[in-house]
Q: 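I have a structure I would like to understand better, so I am pasting it below and will then ask my questions one at a time.
Everything numeric in this text was worked out from a predicted model, so none of it was measured.
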Amino acid sequence: MKNRHYRDIPGCPVEVALDLIGGRWKGVVLHHLLENDYLRFNELHRRLPGISQRLLTKQLRDLEESGLVSRTVYAEVPPRVEYRLTEEGFTLRPVIDILANWGEVRIARQKMEILPNPTD
């Protein structure tokens, strides 16, 4: 993903936001980073069952390139790498919180639809 300059592209602002945080994993990565000061790669990987290491690396690189996540490498043996949100990344908190709340309501509603009606 190249660093894009959206000011010259006519279109919907939602398209810009989804281009930066869209997809199955970026929002989830942002959600976990909002809940923690920082996370190491393996900690993030454990919190995202179903994602490969290769895809997580790509998603983190995209978020870093977008200026939403920062990566800090410590010169230790073994090397330690930490990911945290940038100042701009933290501005996504209301968006991620609303998505999380909507998801919780959706899950609860689906559970209610699955439960048998006691009057049946």
Side-chain angles (χ1 to χ4, degrees):
M1 180 169 140
K2 292 183 180 177
N3 220 356
R4 298 183 182 163
H5 298 283
Y6 296 102
R7 65 179 174 263
D8 300 327
I9 301 171
C12 176
V14 173
E15 183 179 355
V16 173
L18 291 177
D19 185 51
L20 295 172
I21 66 168
R24 181 172 179 189
W25 298 108
K26 288 180 186 174
V28 181
V29 168
L30 293 168
H31 173 71
H32 286 293
L33 289 174
L34 280 165
E35 291 183 337
N36 300 275
D37 288 335
Y38 65 88
L39 287 171
R40 294 174 68 176
F41 182 87
N42 284 333
E43 290 173 307
L44 262 171
H45 192 245
R46 279 191 294 273
R47 292 166 192 244
L48 303 170
I51 191 172
S52 67
Q53 288 187 351
R54 182 173 178 232
L55 184 54
L56 178 56
T57 298
K58 181 185 180 331
Q59 299 296 281
L60 287 166
R61 285 183 184 154
D62 286 351
L63 289 167
E64 185 180 5
E65 192 175 304
S66 299
L68 302 174
V69 169
S70 68
R71 178 179 184 263
T72 306
V73 180
Y74 295 92
E76 300 174 353
V77 177
R80 178 171 51 119
V81 179
E82 294 177 347
Y83 295 91
R84 59 181 36 107
L85 292 177
T86 62
E87 191 173 325
E88 186 172 8
F90 274 108
T91 65
L92 288 166
R93 180 180 292 283
V95 175
I96 301 300
D97 286 348
I98 287 171
L99 286 170
N101 290 337
W102 185 88
E104 288 171 3
V105 169
R106 171 77 179 194
I107 290 167
R109 189 171 47 244
Q110 286 183 329
K111 284 181 181 177
M112 294 301 291
E113 290 172 1
I114 293 172
L115 292 176
N117 190 342
T119 58
D120 286 344

Q: For Asp19 and Lys26, work out which heavy atoms get closest and say how close.
A: O-NZ, 4.1 Å

Q: Output the distance between atom CG (Leu33) and atom CG (Leu92), rounded to the nearest 0.5 Å.
A: 11.0 Å

Q: State yes or no: do Tyr74 and Tyr83 share one hydrophobic cluster built from I, L, V, M, F, W and Y residues joined by side-chain heavy-atom distances below 4.5 Å, directly or via other members?
A: no

Q: Suppose the criterion is salt bridge (charged side-chain N to carboxylate O under 4.0 Å, His left out): which pairs have a residue in residues 32-50, not counting sequence neighbours?
A: none

Q: I'd like to know if Tyr38 and Leu34 are part of one continuous hydrophobic network [Ile/Leu/Val/Met/Phe/Trp/Tyr, side-chain heavy atoms within less than 4.5 Å].
A: no

Q: Is there side-chain contact between Leu63 and Leu85, with at least one heavy-atom pair below 4.5 Å?
A: no

Q: Please, which pairs that meet salt bridge (charged side-chain N to carboxylate O under 4.0 Å, His left out) have at least one residue in residues 72-84, sequence neighbours excluded?
A: Glu76-Arg80, Arg80-Glu82, Glu82-Arg84

Q: Which residue is it: Thr91, Leu99, Ile98? I am looking for the one with a side chain to side chain contact (heavy atoms under 4.5 Å, CB included) to Val95.
A: Leu99

Q: Might you point out which heavy atoms bring Arg71 and Val73 nearest each other, and give the distance in Å?
A: NH1-CG2, 3.4 Å

Q: Between Ser66 and Leu20, which heavy-atom pair has the shortest distance, and what is it?
A: OG-CD2, 3.5 Å

Q: Would you call Gln59 and Leu55 a side-chain contact if the rule is heavy atoms closer than 4.5 Å?
A: yes

Q: Just do the side-chain contact (heavy atoms from CB on, under 4.5 Å) check on Leu30 and Val69 with the steps written out, would you?
A: CA-CA 8 Å; Leu30 293 168; Val69 169; 4.2 Å; yes

Q: According to the salt bridge (charged side-chain N to carboxylate O under 4.0 Å, His left out) rule, which pairs have a member within residues 92-102, sequence neighbours left out?
A: none

Q: I'd like to know if Leu18 and Trp25 are part of one continuous hydrophobic network [Ile/Leu/Val/Met/Phe/Trp/Tyr, side-chain heavy atoms within less than 4.5 Å].
A: no

Q: Kindly indicate whether the side chain of Leu56, heavy atoms from C-beta on, has any atom under 4.5 Å from the side chain of Val29.
A: yes

Q: Distance from Arg109 atom CZ to Glu113 atom CD, nearest 0.5 Å?
A: 7.0 Å

Q: When rounded to the nearest 0.5 angstrom, what is the spacing between CG in Asn36 and CG in Leu39?
A: 4.0 Å

Q: Report yes or no: does Thr86 contribute a side-chain atom to a donor-acceptor pair with the main-chain N or O of Ser70 at less than 3.5 Å?
A: no

